[in-house]
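Quick notes on the structure that follows.
Just so you know, these numbers use all the heavy atoms, side chains as well, and skip hydrogens, waters and symmetry mates. If you're wondering where the values come from, they're calculated on a predicted model, not measured in any experiment.
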Amino acid sequence: QVQVVESGGGLVQAGGSLSLSCAASGNIFGVNTWRWYRQAPGKQRELVASNHGRATDYADSVKGRFTLSKDNAKNTMTLQMASLKPEETGVYYCNADLIGAPPKFDVLYDYWGQGTQVTVSS
């Protein structure tokens, strides 16, 4: 079964740091694109960071504070979050486009994790 699973999250004080991880597993060759979304209470889901190959992009609101890294060999990805703000409280979701197993190596689009809660207290 192909799946994407997040870990990490929790409660942190404003100005603190937190790390989120995401792992893709199943009958796959690798990961084509990684993304982190977040959804604050009562707001729409927004894209926080994404990675495709060597290119990583961040929402303007998190640039300089969030860092996305990945381990291609393990099909994992980590989002390091620093200087967190109370308004960044919400559910954080990992999303990935995966690369199917050989011989097809087809792209498997839009796999979502279950979400992990991040709460930043003031």
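In this structure, Lys104 contributes its side chain and Ile99 its backbone to no donor-acceptor pair below 3.5 Å. Looking only at distances, no side-chain donor or acceptor of Thr116 sits under 3.5 Å from a matching main-chain atom of Tyr92. Here the side chain of Asn32 pairs no donor or acceptor atom with the backbone of Leu98 at under 3.5 angstrom. For the pair Arg65 (side chain) and Ser83 (backbone), a donor-acceptor distance under 3.5 Å is present. Counting only distance, with no hydrogens or angles, the side chain of Asp71 and the backbone of Asn75 share no donor-acceptor pair below 3.5 Å.
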Extract all donor-acceptor atom pairs below 3.5 Å that involve side chains of residues 3-10 and protein atoms in other chains or at least two apart in sequence.
from : atom 1 : to     : atom 2 : distance (Å)
Glu6 : OE1    : Gln114 : N      : 2.9
Glu6 : OE1    : Gly115 : N      : 2.7
Glu6 : OE2    : Cys94  : N      : 2.6
Glu6 : OE2    : Gly115 : N      : 3.2

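In this structure, the separation between CE on Met77 and CG on Asn51 is 8.0 Å, given to the nearest 0.5 Å.
Among residues two or more places apart in sequence or in another chain, the side chain to side chain contact (heavy atoms under 4.5 Å, CB included) test is passed with Gln80 by Ser19, Thr67, Thr78. By the ring-ring contact (aromatic ring centres under 6.0 Å, His included) test, Tyr37 pairs with Trp112, sequence neighbours left out.
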Side chain to side chain contact (heavy atoms under 4.5 Å, CB included) between Val31 and Asn72, worked out: CA-CA 8 Å; Val31 179; Asn72 290 330; over 6 Å; no
Intermediate values then yes/no, side chain to side chain contact (heavy atoms under 4.5 Å, CB included), Val12 and Met81: CA-CA 11 Å; Val12 65; Met81 305 182 293; over 6 Å; no
CA sep, side-chain torsions, deciding dist, call: Leu20, Arg38, side chain to side chain contact (heavy atoms under 4.5 Å, CB included): CA-CA 12 Å; Leu20 305 179; Arg38 68 184 177 198; over 6 Å; no
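Between Tyr58 and Lys63, the shortest heavy-atom contact is O-CE, 3.2 Å. Here the closest heavy-atom approach between residue Ser121 and residue Leu11 is recorded as CB-CD1, 4.3 Å. Here the closest non-hydrogen pair linking Leu79 and Ala49 is CD1-CB, 4.2 Å. The two residues Ser50 and Arg35 come nearest to each other via the heavy atoms CB-CG, 3.9 Å. Closest of all the heavy-atom pairs between Trp36 and Cys22 is CZ2-CB, 3.9 Å.
For Tyr111, the OH atom is densely surrounded, since the number of other residues' heavy atoms within 6.0 Å is greater than 12. Taking a 6.0 Å sphere around CZ of Phe105, one finds it holds more than 12 heavy atoms contributed by other residues, nucleotides or ligands.
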